[in-house]
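Excluded from the calculations below are hydrogen atoms, water molecules and symmetry mates; all remaining heavy atoms, backbone and side chain alike, are included. As the structure is a computational prediction, the values presented were derived from the model and not from experiment.
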Amino acid sequence: MTSNTRVVVIGAGLAGVRLARRLGELGTPVTLVGEEEHRPYNRVLLAEVLAGRYSPDVIALPAPAALIRARVTGIDRGARTVACADGSKIAYDTLVLATGSNPVLPPLRGLFTADHELPKGVHAFRTMDDCLGLSEAVRAGVKAVVIGGGLLGVSAARALAQRGAQVILAQQSERLMERQLDPSASKLVRRHLGDLGVEVHTDLRVRDVRCVGGAVRSVEMADGYALDAEIVVLACGVHPRVGLAQTAGLDVRKGIVVDDELRTSDPHIHALGDCAQHDGTVYGLATPALEQADVLAELLAGRANARYTGTRSLTRLTLTGQTAFDLAAFGETEALPGDDVVQLADATRGTYRKVVVRDDRLVGGVLVGELGTVGALARAWEGAEPLPENGPLLHLLTNDGGS
């Protein structure tokens, strides 16, 4: 790629900023287009801002000099330009879509006003504006209902409780963080939230948001039971933001389909991060997005042998209260018939460690509390190599392998 090639990146989140920074380091000029008025920031740490532990400045990302604040409304693939809401156009030779994801807004009665806005007191939790709006609304004793018990819902409930809110977390499925954790680890997360004063309800389907005068007053369950609420947080997951790609006629399934060069069905357009689907997978996590950005930077800088072949990603969450609560999960945390499982639990210390082995290979694990062994376990899992025959798993679970 020549030095005067115009690379335009749409999206100033973790993936877009990482790509722009790496391209700059490799001597390739780039224009980054972001629609939020705030400085680019690390979305992973928004819950820490809500909890009052960090100010927005602390989670800001180093933005490249060529940052344009604009909302892109369309892509003209023939002319190789993108159109912005203010009427301007930006020309590109190579376009990168790093548009991220949008929050899932559940189909609840009363969720939207006549103007298709969320009622006062109802908040998504995805952007800095969402976070700042929530922060402004929280006060000691306020009644808050968090809908969704995944990673985001657990983080939001913990943050609100730390701010002194009376928090109820409503989860439709039978346990918290079911995508990442096994039942034993989920119970420990629930116990920790309970210690912070969060009231957790599982197997609970929300049906209705009740408002008076345009402001939320309660959340009604499918069984008719109502929860008083002055604040409602929607933490029901995210879905890839693919509208621009669809309108432009790119191949879109769950996300924007890309190959090992993170190239879409248009050879002049690439995609990465939460909006991209590689080899059938939409990751929706920070680590794969950063790895994709590093690979794409090398490709666009002319290093033709760079390829993205997928990410084996570890989920890690730290919940803070009177005592810290750490957990990590990777791979398959539920065993299949024929798998070997090693578990160590200490109820007094609130620790739990479990690994799953299949055909002499570590295929997954979950650790709660005292994560000194997570580094060694993650390396054994990521390497996908046969484990030694001299019983290393107990050693890995009980000794500090370096985190």
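From Asp129, atom CG reaches atom CD of Glu36 across 6.5 Å, with rounding to the nearest 0.5 Å. Note that CZ of Arg6 is 8.5 Å distant from CZ of Arg80, once rounded to the nearest 0.5 Å. The distance from atom OG1 of Thr287 to atom CZ of Arg312, rounded to the nearest 0.5 Å, is 13.5 Å. Of the inter-residue distances, the one linking Asp326 atom CG with Thr351 atom OG1 reads 12.0 Å to the nearest 0.5 angstrom. The distance from the CG atom of Asp223 to the CG atom of Asp203 is 11.5 Å, given to the nearest 0.5 Å. To the nearest 0.5 Å, the span separating CG on Leu97 from CG on Leu95 amounts to 5.0 Å.
Counting heavy atoms from C-beta outward, His239 and Asn102 have side chains that approach closer than 4.5 Å. Here the side chains of Leu134 and Ile231 are in contact, with some heavy-atom distance below 4.5 Å. For the pair Tyr352/Val366, a side-chain contact is recorded, criterion being any heavy-atom separation below 4.5 Å from C-beta on. Between Arg361 and Trp381, the closest side-chain pair of non-hydrogen atoms is not below 4.5 Å. Side-chain contact check for Thr333 versus Leu181: every heavy-atom pair is 4.5 Å or farther apart. For the pair Val238 and Arg126, the minimum side-chain heavy-atom distance is below 4.5 Å. Contact check for Cys84 versus Thr73: no side-chain heavy atoms found under the 4.5 Å cut-off. For the pair Leu250/Ile269, a side-chain contact is recorded, criterion being any heavy-atom separation below 4.5 Å from C-beta on.
Under a 4.0 Å N-O distance rule, the pair Glu35/Arg69 does not qualify as a salt bridge. Salt-bridge formation is not detected for the pair Arg241/Asp274: no Lys NZ or Arg NE/NH1/NH2 atom is positioned less than 4.0 Å from an Asp or Glu carboxylate oxygen. For the pair Glu332 and Lys354, the salt-bridge criterion is not met [side-chain N within less than 4.0 Å of a carboxylate O]. Ionic pairing of Arg22 and Asp294 is present here: one or more N-O contacts between side-chain nitrogen and carboxylate oxygen are shorter than 4.0 angstrom. Classification of Arg53 and Glu48 as a salt-bridged pair holds, one side-chain N sitting under 4.0 Å from a carboxylate O.
At distances below 3.5 Å, not a single donor-acceptor pair connects side-chain atoms of Glu199 with backbone N or O atoms of Ile168. Checked by atom type and distance alone, the side chain of Asp130 pairs as donor or acceptor with a backbone atom of Thr127 at under 3.5 Å. Side chain of Arg175 to backbone of Thr202: no donor-acceptor contact under 3.5 angstrom is found. At distances below 3.5 Å, at least one donor-acceptor pair connects side-chain atoms of Gln292 with backbone N or O atoms of Gly273. Under the 3.5 Å distance criterion, the side-chain polar atoms of Arg190 are matched with a main-chain donor or acceptor of Val200. At distances below 3.5 Å, at least one donor-acceptor pair connects side-chain atoms of Gln166 with backbone N or O atoms of Gly141.
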Could you walk me through whether Leu300 and Thr94 pass the side chain to side chain contact (heavy atoms under 4.5 Å, CB included) check? CA-CA 9 Å; Leu300 297 183; Thr94 296; 3.8 Å; yes
Could you go through the side-chain hydrogen bond (donor to acceptor under 3.5 Å, both in side chains) check for Thr311 and Glu291 one step at a time? CA-CA 8 Å; Thr311 299; Glu291 290 186 5; 2.7 Å; yes
Going through the checks in order, is the side chain to side chain contact (heavy atoms under 4.5 Å, CB included) test met by Leu160 and Val138? CA-CA 7 Å; Leu160 291 169; Val138 177; 3.4 Å; yes
Residues His268, Asp93; criterion side chain to side chain contact (heavy atoms under 4.5 Å, CB included); working and verdict: CA-CA 7 Å; His268 300 288; Asp93 294 304; over 6 Å; no
The test is side chain to side chain contact (heavy atoms under 4.5 Å, CB included); show your working for Tyr92 and Val7 and say whether it passes. CA-CA 6 Å; Tyr92 68 84; Val7 178; over 6 Å; no
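In this structure, Leu176 and Ser186 approach most closely via the heavy-atom pair O-OG, 2.7 Å. Taking both residues in full, the closest heavy atoms of Gly16 and Leu32 are given as O-CD1, 3.8 Å, listed atom of the first, atom of the second, then distance. The heavy-atom pair separating Ala47 from Ser155 by the smallest distance is CB-CB, 3.9 Å. Residue Ala293 comes nearest to Leu19 through the heavy atom pair O-CD1, 3.6 Å, listed as atom of the first residue, atom of the second, then distance. Closest heavy-atom contact between Val198 and Leu169: CG1-CB, 4.2 Å. Nearest heavy-atom pair across Pro56 and Met128 is CB-CE, 3.8 Å.
Paired with Glu230 under the rule salt bridge (Lys or Arg N to Asp or Glu O under 4.0 Å), one option of Arg210, Arg139, Arg217 passes, and it is Arg139.
Partners of Glu37 according to the side chain to side chain donor-acceptor pair (under 3.5 Å) rule, which considers only residues two or more places apart in sequence or in another chain, do not exist here. Residues passing the side-chain contact (heavy atoms from CB on, under 4.5 Å) test with Ala226, sequence neighbours excluded: none. For Asp86, the side chain to side chain donor-acceptor pair (under 3.5 Å) partners two or more places apart in sequence, or in a different chain, are Ser88. Legend: residues meeting side-chain contact (heavy atoms from CB on, under 4.5 Å) with Phe112, ordered by chain and number and at least two apart, are Leu105, Leu118.
Every pair passing salt bridge (charged side-chain N to carboxylate O under 4.0 Å, His left out) that includes a residue from residues 247-270 is listed here, sequence neighbours excluded: Arg77-Asp266, Asp251-Arg253, Asp259-Arg263, Glu261-Arg263, Glu261-Arg307. Sorted by first then second residue, the ring-ring contact (aromatic ring centres under 6.0 Å, His included) pairs that include residues 291-315, not counting sequence neighbours, are His278-Tyr308.
Gln180 and Thr315 share no side-chain donor-acceptor pair at under 3.5 Å. A side-chain donor from one of Glu178 and Ser173 sits under 3.5 Å from a side-chain acceptor of the other.
For Asp359, the CG atom sits in a loose shell: 12 or fewer heavy atoms of surrounding residues, nucleotides or ligands are nearer than 6.0 Å. The neighbour count for Glu136 CD, taken as heavy atoms of other residues, nucleotides or ligands under 6.0 Å away, does not exceed 12.
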